[in-house]
Amino acid sequence: MVQVEFLGPIGLKPIEADVANLKELSQLLKKKKEVKAWLENCAVAVNDEITKDIEKELKSGDKVTLLPPVCGG
Amino acid sequence: MVQVEFLGPIGLKPIEADVANLKELSQLLKKKKEVKAWLENCAVAVNDEITKDIEKELKSGDKVTLLPPVCGG
Amino acid sequence: MIKVYKRPLNKEEIEREWFATLTENRNGAFVSFTGIIKEEHKIEGLSFDIHEPMLKKWFNVWDSYTKDNNSKLFMAHSKGDVMLGEISFMCAVASPKRRFALETMDTLVEDFKANAPIWKYDLKNGERAFALARSHKIDGSGLLA
Amino acid sequence: MIKVYKRPLNKEEIEREWFATLTENRNGAFVSFTGIIKEEHKIEGLSFDIHEPMLKKWFNVWDSYTKDNNSKLFMAHSKGDVMLGEISFMCAVASPKRRFALETMDTLVEDFKANAPIWKYDLKNGERAFALARSHKIDGSGLLA
């Protein structure tokens, strides 16, 4: 199982997902109404490293993080 | 009479010069050995305003200042 | 050095701490940036969420870069509420070369605004509202859309 | 605000004074530059001559420019001797816009180095030697040559 975290203003609790890569996770998250609207705006990190690779493999214990738009300072 | 000041490291006392413009002042200063070597390196201000006009007229009471290379900070 | 505070930043205290680390090898140029909560959109203040592990990763890239250039990088940020006139963000570059310090500060602050994992909320009428319109999508956003 | 001190600069004291002028209308970004005397050429310190009336004129051009942009400019410089590790130069821009503050600081510091009427001397073996090789001809130099 992969743990999925939603940071900052998304305001959702972490979920566990049984997916083998980010593409499968994308398909899963698009089915969740409260997450779908955020997907366009969010960057994705696997184990705290931002990734741009939708094919990225996930293994059990991996942590995927959704990062909405930021503004520090 | 025009007062001529030599700033910073030039280390000369002010002099008075009977000149009508900067060109005449240039001719006068080139004759002074201790000043001549500085002329190439110096900017010129008339009454504390930098000028690039060698034809600039001078009137009695004007102050001309020679500014050698700078390095604040 | 990066530190996250649960309160508004005390500029004097923090800069004193940063300066203390320079004693052995005082650098020539010290450039600092201070972010003060300013009046805009009738807010009473701002509030910040921070993902600290990823902030540290973001910071470490810049920290290595400055170290490679014989320079030092310092950063501090508040989490939680920071009210008008208070300080939420400080950062500084100490370097023997002023060009390096000035240029690094410039590009670093822009990268910080664009990519550091920090979320900003307006505090207004007792509510905490995500400042989406003033936020920036991180490079690579939309991957799962 | 510009001030020339007959001693090394006290960074905390000076920045506290600058910040105090911001209370009524706190700006969002405060960018500051601090020049510390660094070890180079085996000097014991540096010494500065300043032509204050022309320094003020130079400053006033930048001061008007920052005021026109709703921002504030601060500067302090030492004259006379400043030893290794001490501070000779400070300057800051406070602005509601961080881009303005960062860009102004960058161009201002370069213009300051190139054109402000300040002369720098190395203090070495008890002597005060003009640092010609590290100085810059003011724009327009050579007019009388």
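Every chain is numbered from 1, with letters handed out A, B, ... down the list of sequences.
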Test item: A/Ile54 and C/Leu144 side chains (from C-beta on) under 4.5 Å apart, heavy atoms
yes

Going from CG on C/Leu143 to CG on A/Leu25, what distance comes out if it is rounded to the nearest 0.5 angstrom?
9.5 Å

Name the member of A/Ala45, A/Gly11, A/Pro68 that forms the most heavy-atom pairs with chain C at distances under 4.5 Å.
A/Pro68

Atom NZ of A/Lys36: over 12 foreign heavy atoms under 6.0 Å:
no

I need the C/Ile138 CD1 to A/Ile50 CD1 distance, nearest 0.5 Å.
4.5 Å

Using only atom types and a distance under 3.5 Å, with no angle test, would you say the side chain of C/Lys113 pairs donor to acceptor with the backbone of A/Gly72?
yes

Okay, side chain of C/His77, backbone of A/Gly73: is any donor-acceptor separation there less than 3.5 Å?
yes

Determine whether more than 12 heavy atoms belonging to other residues, nucleotides or ligands lie under 6.0 Å from atom CD of C/Glu127.
no

Judged by atom type as modelled, is there a donor-acceptor pair below 3.5 Å linking the side chain of C/Trp119 to the main-chain atoms of A/Leu7?
no

So how far is it from A/Asn47 CG to C/Met54 CE, rounded to the nearest 0.5 Å?
10.5 Å

Under 4.5 Å from any heavy atom of chain A, what part of C/Asn115 do you find: side chain, backbone, both or neither?
backbone

Within a radius of less than 6.0 Å around CG of A/Asp53, do more than 12 heavy atoms belonging to other residues, nucleotides or ligands occur?
yes

Beyond-backbone contact of A/Asp48 with C/Lys57, side-chain heavy atoms, under 4.5 angstrom
yes

For the interface with chain A, which of C/Ala114, C/Ala116, C/Ala131 has the highest count of heavy-atom pairs at distances below 4.5 Å?
C/Ala116

Report yes if the side chains of C/Ser141 and A/Glu40 come closer than 4.5 Å at any heavy-atom pair, otherwise no.
no

C/Tyr121 portion near chain A, given a 4.5 angstrom heavy-atom threshold
side chain

Flag the one option from C/Ile118, C/Val109, C/Leu46 with the top tally of heavy-atom pairs under 4.5 Å to chain A.
C/Ile118

Counting only non-hydrogen atoms closer than 4.5 Å, does A/Lys52 touch chain C with its backbone (N, CA, C, O), its side chain (CB onward), both, or neither?
both

Minimal non-hydrogen separation, C/Leu132 against A/Asn41, with atom names
CD1-ND2, 4.4 Å

Per-residue contact mode, A/Glu5 against chain C (heavy atom under 4.5 angstrom)
side chain

Step through the shown structure and confirm whether more than 12 heavy atoms of other residues, nucleotides or ligands are within 6.0 Å of NZ on C/Lys38.
yes

Indicate yes or no: at least one non-hydrogen side-chain atom of A/Pro69 is less than 4.5 angstrom from one of C/Lys137.
yes

